[in-house]
Structures are given as C-alpha cells and as structure tokens.
Amino acid sequence: MTPTSGAPRPPFARWLGTTNDITRTFLSAGRIPGLINMAGGLPEAATYPVAALAAIAREVVEAHPHDVLGYGPIEGLPELRDALARRFATPALALTRANVLVTTGGMQGLDLIGKALLDEGDLIAGQFPTYLGALDAWRPRAPRFRPMPLGKAGFDAVTALDGAKFAYTVPNFSNPTGRMVGLETRRALAEAAHRTGTWLVEDDPYGRLLYDGEPLPRVIELSAQARLGEPYDGPVVYMGTLSKEIAPGLRIGWVIAAPAMIEALTMAKQGSDMCTSGLTQRIALAALEAGLIEQIQPLVLDTYRARRDALCAAMDAHLRDWLDWEVPVGGMFVWATARDRALSTDLLLPHAMSAGVCVSPSSVFDAAGQDRSAIRINFTLNDPQRLQEGVRRLARAFETMQARRG
Ligand SMILES: Cc1ncc(COP(=O)(O)O)c(C=O)c1O
C-alpha cells in the first residue's frame, strides 16, 4: 500500500460529533442474520400493494413519459398538488394548489423546515420525547430545543411556544410514545400558535393507523376555523407521507401550509433535490385516484392491530417486572418505561443485541441525549410469533443486565 500523503484534511462539520447513527443501524438491522428488529418504524412488506403498483408504474411511464423521465416543477406535479389539496380540504379548511408542496418523503419536509426557518441558536419547542429523524434533520443548524411535555396536566401552550421559531408535534400516535394528543391540547396548540406568532409543525405520518376509537381533528383544521372559506393562511405546517399508508420506497410526502411558507420551503427544496421523482409522483397520483390507500387500509389495520395485541400480551407475560407501558390506540410503537429508575436503557441495548433483539433506547429521542428511562418497541414489522420471541429475548437481556449489575 502506498502511504497517504499531503496535508491533513479539514475536519467534518461540528454537528457530526453531536449525533448518533442509530437510524442507520435500524435500517440495516434487517440484514443481520437471526436478529429480531423491533427498533425501527418499518411497515410489514406483505401489505405493499405490489401488483397494483406494478401495473400503475407501467401505465404512467407509457402515458406520461415527460413527467416521469424529465425534471419537474420544484413544488411538485400540479395535478398531484391539486389532488392533495382536495384530499385534505374540509368545510373549515379551504386549500388550493398554493397550499401544497410535494416532498421526497416526510423526512424532506422536516429537513426543509430546518433550512427555511432556523438560524444558529434558534429555539424549537419540541414535543418531548421527540422523533429522532426530526432531531437529525435540525441538528446541523445548531438550534436550541425546549422540550414540550404535551402529556402533562396543566400544560400551558402559550408559555411552551413563546419565543420559539417553531413548535413540533406528532399528535397522532406520536413517534416514539404512541400517544394521541387530546382535543383540548390540540385546540390550545392551534390557539397558542396564532397568539404567539410561532409556526407549528404538525407531523402526521401515522394518522390513518388508528386501531381503536375515533380520530381527532387535525391541528391545522382547528387553526383554520377562524378564517372560514379563505385558502389557509394560518401558522400550522401540516406534513404527511405515503410511507406508512402505501410504501416508504415511493418516497412521497407533502407539506400543507400558508402559501408564504410553501414558497419558502420551495426555495429550500431548490437547493436540496430540485424536484421529487416524477415517476413516484405520477404513481402516487394514480394510486390516490384509484383509492389504493382505502383498498389496502383494512388489511393494514387488521395486521397491525393483531400485532400490537400480540406484543402487549407477550410483554404482559414476560416484562412486567421490568417495564410499565400503555397500550397505544394507533401507530407503530409501544413506549415502555423502566420500573427501576436507576436502570439505564442505554446499557440494555448491548445485552439486547447479544440476545438477538434490537429496540430503541429513549436517549435518541432526547435532543440532549440524556433520557435513559424508556425504550421504544415497534410492533408492525414482525409477525406475532417473532414478536413473542423478541419479547422473550428482551426479558433475557434484562436478566443478564441485572446479573452484571450484581
Ligand atoms: C414522526 C415521523 N415523521 C416523519 C417520518 C418520515 O417518513 P418518510 O420520510 O418515510 O415519509 C417518520 C418516519 O418514520 C416519522 O416517524
């Protein structure tokens, strides 16, 4: 080997030293033989409508070669923006194409918000614990985070939002906790965003994954009621994605917001990827028009409800000594808190990996990296048998960790 020569290279950006690569671990964990991956928020591949998507893909390539193979408008295909505006409009929430930006997955919406809004040191009021992908998206801009404990009694939304550049919430079956933000808190957030002039990012990838009970109105709908009939111009920035509704490989997401915000995000997207794939936008449009989401929804809900129940039953049988949790009404995760406050869930992880199971420790959902009180367990990726085996392995991991602690 020739020795490397030349001057030392410049260091990488400082933020790289403040992050972790746990998402990368989740996404590649599926390839470790024998490991049961209960860490990531991954869908069950058997729910992907393969035949329908294959037929649509062929059709759109032949029917719309220019849209599919050329560059497209940064904001997204006009027909898809119109379809999304129609899909999310309600009697209270009037939307036009100018309210809609198509993004490359929901993740890009989060990234663009960081680019469009944050200068170094700006404050984010974030639902705590916070989706780690959002933390990843914003960390390079070196913001400050104010944790927003939405579940706490006496939560004061005006105080929580005051002084923040934007606030961030996942009101439906939050990632990571699986909790649903109640109607009163949704109203308080909408009202506080108007009163304080803070943007409020409502991230909603899981809204359709509701297993029990009734859905609640979106915060953006609650915030629109003050301006009946006019196209939305309020402070809520609503984000969605096809990742959990059809398939994440399509990488199709959207942002619905005031036209001025859509303009700013479009400028940010110009420097990111110029435009989202025309192929998957055309597929998404055809899938929406054909009602594909509604067609696969019963299978998706039945599969995931049964898996949630299987996970919670197995946890009841094997993990009651170690963990407390609530059964989530929707989403993809159970959030389980260690009963022994002195126990660090970061320390559990290597024992879990050795036992052949992987879960997410709470520290990665804390901007400060300090919360070691809980774990997030996914129930959508594995079938009930594997979930049961995963829980048995997790119980073993707790036992070996306890034995080592003495
Ligand atoms: C809360 C939340 N927001 C956004 C996303 C991004 O989804 P995608 O980029 O796959 O559309 C996810 C994915 O897990 C999520 O959990």
Side-chain angles (χ1 to χ4, degrees), residues 22-27 29-30 37-45 47-48 76 80 84 101-114 124 126-139 148 150 166-181 200-210 218-220 236-257 265 269 272-273 276-277 280-281 283-284 287-288 293 300 304 328 330-335 359-360 362 364-367 376-381:
I22 195 139
T23 300
R24 191 167 158 201
T25 310
F26 301 160
L27 292 177
N37 180 7
M38 295 162 81
L42 307 182
E44 162 59 70
T47 64
Y48 301 153
L80 180 55
L84 289 166
L101 173 74
V102 178
T103 57
T104 302
M107 262 310 287
Q108 188 180 45
L110 297 170
D111 188 45
L112 297 180
I113 277 287
I124 301 171
Q127 179 167 354
F128 183 82
T130 313
Y131 169 48
L132 86 136
L135 296 176
D136 283 346
W138 299 327
R139 220 172 246 129
M148 205 168 40
L150 288 187
F166 67 88
Y168 175 66
T169 175
V170 186
N172 288 320
F173 334 120
S174 154
N175 185 350
T177 63
R179 280 190 205 119
M180 194 174 192
V181 173
L200 175 64
V201 175
E202 178 182 20
D203 188 10
D204 191 23
Y206 303 103
R208 295 184 76 94
L209 300 184
L210 172 66
R218 300 183 174 98
V219 183
I220 192 171
V236 177
V237 183
Y238 178 84
M239 295 185 181
T241 169
L242 289 185
S243 290
K244 322 292 180 186
E245 299 183 358
I246 300 187
L250 294 173
R251 309 309 297 135
I252 292 289
W254 50 84
V255 179
I256 295 176
L265 296 176
K269 186 170 163 71
S272 278
D273 65 354
T276 294
S277 155
T280 57
Q281 287 193 76
I283 293 175
L288 289 180
I293 295 177
V300 171
Y304 293 168
M332 293 191 157
F333 309 107
V334 171
W335 181 251
V359 293
S360 308
S362 49
V364 301
F365 305 103
D366 174 8
R376 187 193 73 175
I377 310 177
N378 168 266
F379 56 81
T380 53
L381 178 65

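Side chains included, hydrogens not; waters and symmetry mates left out as well; all remaining heavy atoms used. When a ligand or atom number is given, it counts from 1 through the structure's own listing order.
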Subject >> Proximity of Phe166 and Trp138 rings by center, below 6.0 Å >> reply: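 That pair passes the under 6.0 Å test.
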Subject >> Close side-chain approach of Asp366 to Leu135, heavy-atom, < 4.5 Å >> reply: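 Result no, sub-4.5 Å side-chain heavy-atom pair not found.
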Subject >> Within-4.5 Å side-chain heavy-atom neighbours: Ser272 and Asp111 >> reply: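 Ser272 vs Asp111: side chains touch.
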Between the main-chain N or O of [Y] and the side-chain N or O of [X], is there a donor-acceptor pair closer than 3.5 Å?
X	Y	answer
Lys244	Arg208	no
Thr103	Trp254	yes
Thr280	Leu250	yes

Go ahead and list the nitrogen or oxygen contacts between ligand 1 and the protein that come in under 3.5 Å, distances to 0.1 Å, or just say none.
unit_1   : atom_1 : unit_2 : atom_2 : d
ligand 1 : 3 (N)  : Asp203 : OD1    : 3.4
ligand 1 : 3 (N)  : Asp203 : OD2    : 2.6
ligand 1 : 9 (O)  : Gly106 : N      : 3.1
ligand 1 : 9 (O)  : Met107 : N      : 2.9
ligand 1 : 9 (O)  : Arg251 : NH2    : 2.8
ligand 1 : 10 (O) : Ser243 : OG     : 2.8
ligand 1 : 10 (O) : Arg251 : NH1    : 2.9
ligand 1 : 11 (O) : Gly106 : N      : 2.6
ligand 1 : 11 (O) : Thr241 : OG1    : 2.6
ligand 1 : 11 (O) : Ser243 : OG     : 2.8
ligand 1 : 14 (O) : Tyr206 : OH     : 3.4
ligand 1 : 14 (O) : Lys244 : NZ     : 2.9
ligand 1 : 16 (O) : Asn175 : ND2    : 2.8
ligand 1 : 16 (O) : Tyr206 : OH     : 2.5

